[in-house]
Structures are given as structure tokens and as C-alpha cells.
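No hydrogens, no waters, no symmetry mates; every other heavy atom, side chains included, goes into these values. We count residues from 1, following the sequence as given.
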Amino acid sequence: MNKKSIFSLVLAVLFVFSACGSTDLAQSESSSTEQSETEAEQPISTAGSSDMFTDKDMEIGYNEETSTWITLFGDNASSNLDTVQVSGSTVTITDAGTYILSGSLEDGMIIVNAEDTDKVQLVLKEVQITNSTSAAIYVLQADKVFITTASGTQNTLANGGEYVAIDDNNIDGVIFSKSDLTLNGDGTLTISADAGHGIVSKDDLVITSGTYNITAASHGISGKDSVRIANGTYTIESGKDGIHAENTEDSSMGFLYVGGGTFDITAGGDGMSASSYLQIENGTFTITSGEESASVSTTNSTTEAETTTTQDDTISQKGIKADGNISITSGTFNLDSADDAIHAANEISIAAGEFNIASGDDAIHSDSSVVIEDGSFKISDCYEGVEGLSITVDGGTFDITSEDDGLNAGGGNDSSGFGGRMSQQDEFSTSSGGFITINNGSLTIVSTGDCIDSNGDLTINGGVLNLTCNGSGNTALDCDGSYTNNGGEITTNDGSENNPGQMGGMGKTGGKGQGHSGF
């Protein structure tokens, strides 16, 4: 049974083996351990960190006395083990084990080409490796490779600006792996990619600890089957996405999981993106995507030339994006994006967190449902604050200033591609069952459009709403379906709490009626 099949049947089974020398590592890997070491595919329910990481992923220790040492010096290297092959500035590791690297290698490469059952640990201990035409570290074959930064050390890997083929693989990252790859440690790793990506795995990419400073022309961190981050400190400047997970062959893969960490991301594309689901358990995130929200026009009008621009001509510049679901349990988020700050093609679920958002388009956008249980949301600039086919608010504090609607469900304009408020605005179907339900929370909304606009039903069961609509022809409350207030405390500047829409609407507080959309 291949790994993908195992993924779909079970969650992760943890394995443990000591981080010692090549003999110790090889002996610790019995066939039964290899069969039991599986990692989670897209979970049926929300997965936790124990489903995402093995014990070895978290282990940063190693035994210097039993490990193999590799000394780098200029355009050459040396080692006392015949499983390490040195040819000029190219060092090839061919067997399982722990290898400690130190020194500098100019225009060179570390290659791991072991058996596909071998696990290899590379310990970086004050290492500097540059390669003008390829990767600094290239994992051609192994079962899994662990790159550990030694405690307190500074390590640097760099590419000179181009990638020249050395085999059939399209090497395009400073660290490039064809196998599962884990990075951890108590040291610092600085990566400079004048071309291509910073870190690439064509399988699963796991990072559990360490400090990473990454500058990349393309993606900063990229994984095919998944990117899984337990903790660590990350400063990323990227021409494309800061952190990118994508699998075009299997829609259940290409997911991004973050259990914690501190992230400072400046991305030309999306800050964080996943082709499957994206799950955040905790962490501190400062993300700037594109040229920030201030770069986007603040007018609703478009020229004919703008409206004919296709999404294929532009690049996605969202803060946090997934083609599947987004689940956020907790965390602190400072997001400034040219496009949507948080965007999902499927459902968005937010349990808690502190959000400070400025967006050139929507602050929070789902093509399906948005469910917010709690949290603090300061949305200082956006086209629409929260938009989805349906919106359910169970609690939280919201301070929203929007150019168009504060909350919009099941209708209206969604510029889900780049261009934000200017062009390529899609429309939900008004017959698709959109609704807004507010069960609790404190909502202060100042909008030029409608403060709260449901193209279906609008139900307010509780909470405190202070709504100010400054737009001509728009209202603080607006709905196309039934309107019910079962106990919410509502204050508006236009009296629409008694007659949502004020444009022929018949809704009444405590009853049901029909209102007209402000669109």
C-alpha cells in the first residue's frame, strides 16, 4: 500500500528513534517502525499537532561522538567515512545516519542520495554554502531527511541567481528535496535565493523549531503534499507566496498546518496559501501581500478596460488563502493585503484570535460559509468586511470600516482575483440560500455601502450592534429575505432596524418581512 493510501485510512502514528550516528540510526529503523510511521492526510475533523508531527520531527538532539563529521573548506570537503563521497565542491551522502557539517563551501552542493528506506540527519554547525547555479542542499533520494541547526549557530545557504540542470529533476530551490523533509533546531538558518524558491519539498515539508531568515525570488517555503509548522521564528521576503502548499495531482493533499510560531512575511503573491485546506492553531502573524491595501483604488467605478482584464493576467495577492477550508483556532494576525486578507474557496471557521486587518478587497471572504465563534476584529480598511454565502456570528468584537458592506451574505460583488475593488467582481446567486445569523457579539460598523446586507434571511438573536451607513441609497440593515430580531440591541443612524432596506422593505423588529438589497 503506498503512502497516499495509508494517509486516507489512518492519522499519524508517532515513531521514536535516537539521534545518534549512522549505525545507531540505521539499527533503530526496523521494518515495523517504517510501516507504522504514517502522517495525516486531510483530516475528517480538525486535526491537532499530534496528528501532524512525529517524535523525531520534534527531536533536535544528536550525539557528536557517534556522528559522522563533514568539514567544508572553500572548494573542497573532507570526511572520515566512505559513505560520504567528495568530488571537488560536491559532497554526496549515500547512507543513513547523522552527519555534522561545519565550515564554508564555495559554489558547492550537499547531495543526499541514499536508499529510499534510509533516514538521514544533517546537522548544520556554522555552515556557509553557496551555489551559483543550483541548490546548496539537494535531497535526491532518502526515506526522510532532517536538517537540524545546532544550538546558537548561524548558518547560511545561497543560490547565485540561476539553476542549471544536473539531472532529470527541475531543481529550483536553495534547499530542494524529492523526499520528506524536516527542519528543526535551536540555531539560525539564513537562505538567499536570487532565483527560485527558498525551501522546497516535493513531498511533505515539516518545520518544528528554529529561526529562519528567507529571501526568495519565488516562494519562500514550498511543499507539495503539505507544509506543517509546529513552531519557530520566520522572516520571509518573497517574490511570490511566502509559504506555499500545492498538489495539482491530489486534491486532498497540498495542505498547510500551523501549530504556532512567529511569522513576519512580505510577499509579492499570497502571504500563506494552500491548494487544499489551511489550518492555524496558534501563532503571531504579520503579513503584507502585494503592495498593501493602500495600493488599491478606493473607488467602486471601473473603466471598460479594467473590467475586461482577466484573472490570468494578474497574480493572487491575498494574506491567507486556501482552495479548501480555512480553520483558525487562535493567534494574533496583523494583515495588510492588496487583495482579500483571508480567503477560502470553501468554508471559513474562526474560533478565536486577534485580527488587525487592512485589505484592498474583502477582509474575510468565503465562497461558502463563514462561522465566527469569538475573537477581536479590527478591520480598518476594506471593500467588504466579512463576505460569504452565509455568515454566522456567535460572538466576538468587531470594529469594521468598509467602503461597501460591513457584512455581506449571498450576493453582491466579490473581486476574488487581484484588482480588489476595481474589477473582476463575481456574483453569488441570490437564490442560493444565503443568510446572516448573529447570535451574540459586539459589532460597530461604519460603511459606505450597507452595514449588514443579507441577500437571504437576516436573523439577530442577540448582541450589540452600532451601525452607521454613510452611503447614498444604502442602509444600515438590508435583507432580501425575512428579517427577525429576537433580542439584539441595535442602533442605526437611519432607522433601518425597524425597516431594513428602507426601499419598500416590510421587515419589522421582532417579526418577519421582506427587504431589498442595496446592490
Side-chain angles (χ1 to χ4, degrees), residues 46 280-282 325-333 341-342 344 347-357 362-366 368-380 382 384-402 405-410 433-447 450-469 475-500 507-513 515:
T46 301
I280 296 174
E281 297 287 320
N282 208 341
N325 297 338
I326 290 179
S327 171
I328 298 175
T329 303
S330 185
T332 300
F333 302 82
I342 300 174
E347 301 174 356
I348 293 177
S349 172
I350 299 176
E354 180 179 342
F355 299 81
N356 296 289
I357 298 176
D362 302 334
I364 300 172
H365 172 90
S366 167
S368 181
S369 65
V370 178
V371 177
I372 298 175
E373 297 179 26
D374 204 349
S376 172
F377 301 83
K378 171 66 175 178
I379 302 174
S380 59
C382 64
E384 292 184 318
V386 180
E387 181 175 64
L389 176 60
S390 66
I391 299 171
T392 302
V393 177
D394 292 325
T397 302
F398 299 79
D399 185 353
I400 301 174
T401 301
S402 62
D405 299 340
L407 307 184
N408 176 55
F435 66 85
I436 295 177
T437 300
I438 298 173
N439 296 314
N440 210 335
S442 174
L443 292 85
T444 300
I445 301 175
V446 178
S447 67
D450 303 317
C451 294
I452 297 177
D453 180 11
S454 174
N455 283 261
D457 294 343
L458 172 58
T459 304
I460 300 173
N461 293 317
V464 178
L465 289 71
N466 188 348
L467 311 176
T468 303
C469 174
T475 55
L477 287 178
D478 192 4
C479 69
D480 281 349
S482 63
Y483 167 58
T484 305
N485 181 3
N486 292 318
E489 181 181 332
I490 306 172
T491 302
T492 71
N493 67 330
D494 59 8
S496 56
E497 68 271 29
N498 297 312
N499 186 17
K508 296 181 183 295
T509 303
K512 295 184 179 180

Candidate list Asp450, Asn408, Ile400, test side chain to side chain contact (heavy atoms under 4.5 Å, CB included), partner Glu384, passing option = Asn408
Rounding to 0.5 Å, atoms CG (Asn485) and CD1 (Ile460) come to a distance of 5.5 Å
Residue pair Leu477 / Glu497: nearest heavy atoms and the distance that separates them | CD1-CA, 3.6 Å
Between Asp457 and Thr459, is any side-chain donor less than 3.5 angstrom from a side-chain acceptor?
-> no
Output the distance between atom SG (Cys479) and atom CD1 (Ile436), rounded to the nearest 0.5 Å.
-> 9.0 Å
Could you tell me which non-hydrogen atom of Ser402 sits nearest to which non-hydrogen atom of Gly385, and how far apart they are?
-> CB-N, 4.3 Å
Mind running side-chain contact (heavy atoms from CB on, under 4.5 Å) on Val386 and Ile348 for me, showing each step along the way?
-> CA-CA 11 Å; Val386 180; Ile348 293 177; over 6 Å; no
Side chain to side chain donor-acceptor pair (under 3.5 Å): which pairs involve residues 347-356, sequence neighbours left out?
-> Asn334-Asn356
Measure the OG1-NZ distance between Thr397 and Lys378 for me, rounded to the nearest 0.5 Å.
-> 12.0 Å
Glu373 side, atom CD; Ile328 side, atom CD1 - distance, nearest 0.5 Å | 12.0 Å
Under the side-chain contact (heavy atoms from CB on, under 4.5 Å) rule, what do Cys469 and Asn493 come out as? Steps first, then yes or no, please.
-> CA-CA 7 Å; Cys469 174; Asn493 67 330; 4.1 Å; yes
Over all heavy atoms of both residues, which pair between Ile357 and Ala363 is shortest? Give the atoms and the distance, please.
-> CG2-CB, 3.7 Å
Would you say Asp494's side chain and Ala476's backbone share a donor-acceptor pair under 3.5 angstrom?
-> yes
Might you point out which heavy atoms bring Ala409 and Phe435 nearest each other, and give the distance in Å?
-> CB-O, 3.4 Å
Quick one: CG on Asn455 to CG on Asp405, what's the gap to the nearest 0.5 Å?
-> 8.5 Å
Counterpart residues, ring pair (Phe, Tyr, Trp, His ring centres under 6.0 Å), relative to Phe333 (two or more places apart) = Phe285, Phe355
Residue among Val446, Ile445, Thr444, Thr491 satisfying side chain to side chain contact (heavy atoms under 4.5 Å, CB included) with Leu467 = Ile445
Please report the shortest heavy-atom distance between Ser496 and Thr475, naming the atom on each side.
-> CB-CB, 4.1 Å
Looking at Leu443, Val370, Asp453, Ile364, which hits side chain to side chain contact (heavy atoms under 4.5 Å, CB included) with Leu407?
-> Leu443
